[in-house]
Amino acid sequence: MALPTSVVASDDAIRVRDLRVRRGHHLVLPGVSLEVPLGVVTGLLGPSGSGKTTLMRAIVGVQVIEGGEVTVLGRPAGSKPLRTLVGYTTQAPSIYPDLTVHENLRYFARLLGVATERVEEVIDSVDLREQADQIVRTLSGGERSRASLAVALLGDPELLVLDEPTVGLDPLLRHDVWRLFHSLADRGVAVLVSTHVMDEADRCNRLVLMREGHIVASGSPDELRERVSATTMEEAFVALAAGS
Amino acid sequence: MTWATCERVLRQLRRDPRTVALLMVVPPALLVLFRWVMEGQDEAFDRVGGPMVGLFPFITMFVVASVAMLRERTTGTLERLMSMPIGKLDLLGGYDLAFAGLAGVQAVLTTAVGFGLLGLTAAGPIWAVILIAIGNASLGMALGLFVSAFARSEFQAVQFMPAFVLPQVLLAGLIAPRPSMARPLEVVSDVLPLTYAYSALARITASGDLDRWLARDVAVIVGFTLLSLALGAATLRRRTP
């Protein structure tokens with residue numbers, strides 16, 4: 001019931017205004033503003049330490065912020081109705097290592113109040129059918145991060161916030177996972193994916209380039225390259241970062 | 001959601017049979033050792049041994065709960081849970097239920113060994129000893145969950161046991177009767193929960209009167225448990241720095 005209203009409320013899944021976040025004495029985000037539209041895959045691209053994780057945590061509503069405004073699906077970030085509408089994975093696979101993939105999913109499904117059939121669906125969509133009854137501790141890194149991704153998919157979220165979900169995946173699986181992101185986006189889901197791998201930039205419909213807590217540029221991969229007449233995203237990043 | 005969490009915690013414990021075995025075997029084994037140490041001092045063994053049966057669950061559940069919650073914090077699962085529609089008290093309640101169940105089994109085993117094999121006697125009913133033991137386990141667990149918020153590593157969490165629990169054991173009246181303590185110590189022991197846990201157990205084993213003093217002790221145990229759970233819930237933050 002919450003689904004259609006929030007889609008109507010705004011075309012942007014996320015609106016961030018002048019977000020300031022301090023971690024320790026360091027001002028990680030000195031005043032970030034950005035919009036993330038529904039129905040596309042947005043890549044948050046930048047070197048490690050550029051503030052991607054902090055920005056994502058603020059969007060999910062688990063980060064203490066110093067100032068600014070974060071609106072998600074028309075509501076303040078972290079507000080109660082969003083807890084079933086936003087799927088989130090941290091960089092570390094946040095699942096129980098001493099349970100099987102199945103057991104993990106069944107537990108989180110009960111918390112989200114979704115049917116058990118949904119557990120089987122997400123297992124298939126992340127391609128973990130064969131590992132479903134394996135204890136998470138014994139899985140490979142890539143399998144673990146896919147299990148964590150499966151938890152994020154459980155509630156059929158309208159917004160997926162995924163912090164480096166493709167780390168440790170072999171090229172074939174990486175391909176499959178990106179295809180999954182696009183099939184979700186085609187259904188209207190907003191997908192926000194962070195990565196520090198420039199090669200993955202072209203997999204995104206839209207890119208937000210970050211460096212040292214600032215947004216350097218945003219736009220489609222082609223647009224960004226054309227703007228500085230670069231042939232690769234690496235070159236474009238360097239030129240855009242130097243120019244900002 | 002409380003029930004789902006309880007089930008999940010028990011499932012995790014099932015994957016760790018060694019911890020479960022230690023929880024079940026160590027208290028009865030310590031009691032056997034104590035009996036042996038107290039050879040020829042039957043009266044003293046009976047006076048201290050009875051209440052000890054009911055205090056073990058407090059100590060073990062304190063350690064187990066603080067480490068379990070610390071793990072939840074460090075693996076990132078707590079951050080995930082806090083982004084989901086689960087209440088903080090659902091989470092703590094789930095842990096409480098799971099560990100109280102475990103403590104129940106532990107208490108029955110320890111009681112069977114102590115009162116069955118080793119000849120401990122209780123003036124009051126044995127089931128009351130078991131019930132108080134389960135209540136103490138809940139208290140220990142709630143305190144453990146709360147203090148785990150102040151531990152940055154598992155080393156620190158384990159050190160909280162001697163720091164928070166042993167002074168309470170020393171002051172509870174088990175080692176030396178409270179009226180014989182220096183006045184400041186007696187005052188301190190007045191506000192420590194384990195004092196009442198011990199007092200309840202001593203009443204049941206020594207006098208056997210299920211009177212209003214016992215009711216007061218039980219009320220204090222329950223009150224401290226609820227207070228610790230509330231404090232524990234307050235340390236679970238949806239937003240972290």
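Since this is a predicted model, take the numbers as computed values, not measurements. Heavy-atom basis, side chains included; hydrogens, waters and symmetry copies ignored. Sequence lines set the chain letters: A, B, ... in the order given, protein chains first and strands last, and positions in each chain run from 1.
- Between B:Glu7 atom CD and A:Tyr107 atom OH the span is 10.5 Å, to the nearest 0.5 Å.
- Side-chain atoms of A:Arg57 come within 3.5 Å of backbone atoms of B:Thr240 as a donor-acceptor pair (strictly under, hydrogens ignored).
- Under a cut-off of 6.0 angstrom, the local environment of CZ in A:Arg22 is crowded, with over 12 non-hydrogen atoms contributed by other residues, nucleotides or ligands.
- For B:Arg71, the part lying under 4.5 angstrom from a heavy atom of chain A is the side chain only.
- Counting all heavy atoms, side chain and backbone alike, B:Gly76 lies closest to A:Ser94 at O-CB, 3.2 Å.
- Closest approach of B:Ser83 to A:Val60, counting heavy atoms only: CB-CG1, 3.8 Å.
- A:Leu111 and B:Ile86 make their closest contact through CD2-CD1, 3.8 Å (heavy atoms, listed as atom of the first residue, atom of the second, distance).
- Residues A:Phe108 and B:Arg80 are in side-chain contact: their nearest non-hydrogen atoms beyond the backbone lie under 4.5 Å apart.
- Considering only heavy-atom pairs separated by less than 4.5 Å from chain B, the leading option among A:Ala92, A:Gly61, A:Ala58 is A:Gly61.
- For the atom pair B:Arg238 CZ and A:Arg83 CZ, the distance stands at 3.5 Å (nearest 0.5 Å).
- The shortest side-chain heavy-atom distance between B:Met84 and A:Leu112 falls under the 4.5 Å cut-off.
- If you measure heavy-atom distances from A:Ile135 to chain B, the contacts under 4.5 Å come from the side chain alone.
- Surrounding CD of A:Glu120 are more than 12 heavy atoms belonging to other residues, nucleotides or ligands, all under 6.0 Å away.
- Both the backbone and the side chain of A:Gln63 have a heavy atom closer than 4.5 Å to some heavy atom of chain B.
- For the atom pair A:Arg110 CZ and B:Arg8 CZ, the distance stands at 11.5 Å (nearest 0.5 Å).
- Between the CZ atom of B:Arg14 and the CG atom of A:Asp98 there is a distance of 11.5 Å, given to the nearest 0.5 Å.
- When heavy atoms are compared at a cutoff of 4.5 Å, A:Thr89 approaches chain B by way of both its backbone and its side chain.
- Within a 6.0 Å sphere centred on NE2 of A:His102, heavy atoms belonging to other residues, nucleotides or ligands number more than 12.
- No other option in B:Asp16, B:Leu81, B:Thr75 has as many heavy-atom pairs under 4.5 Å with chain A as B:Leu81.
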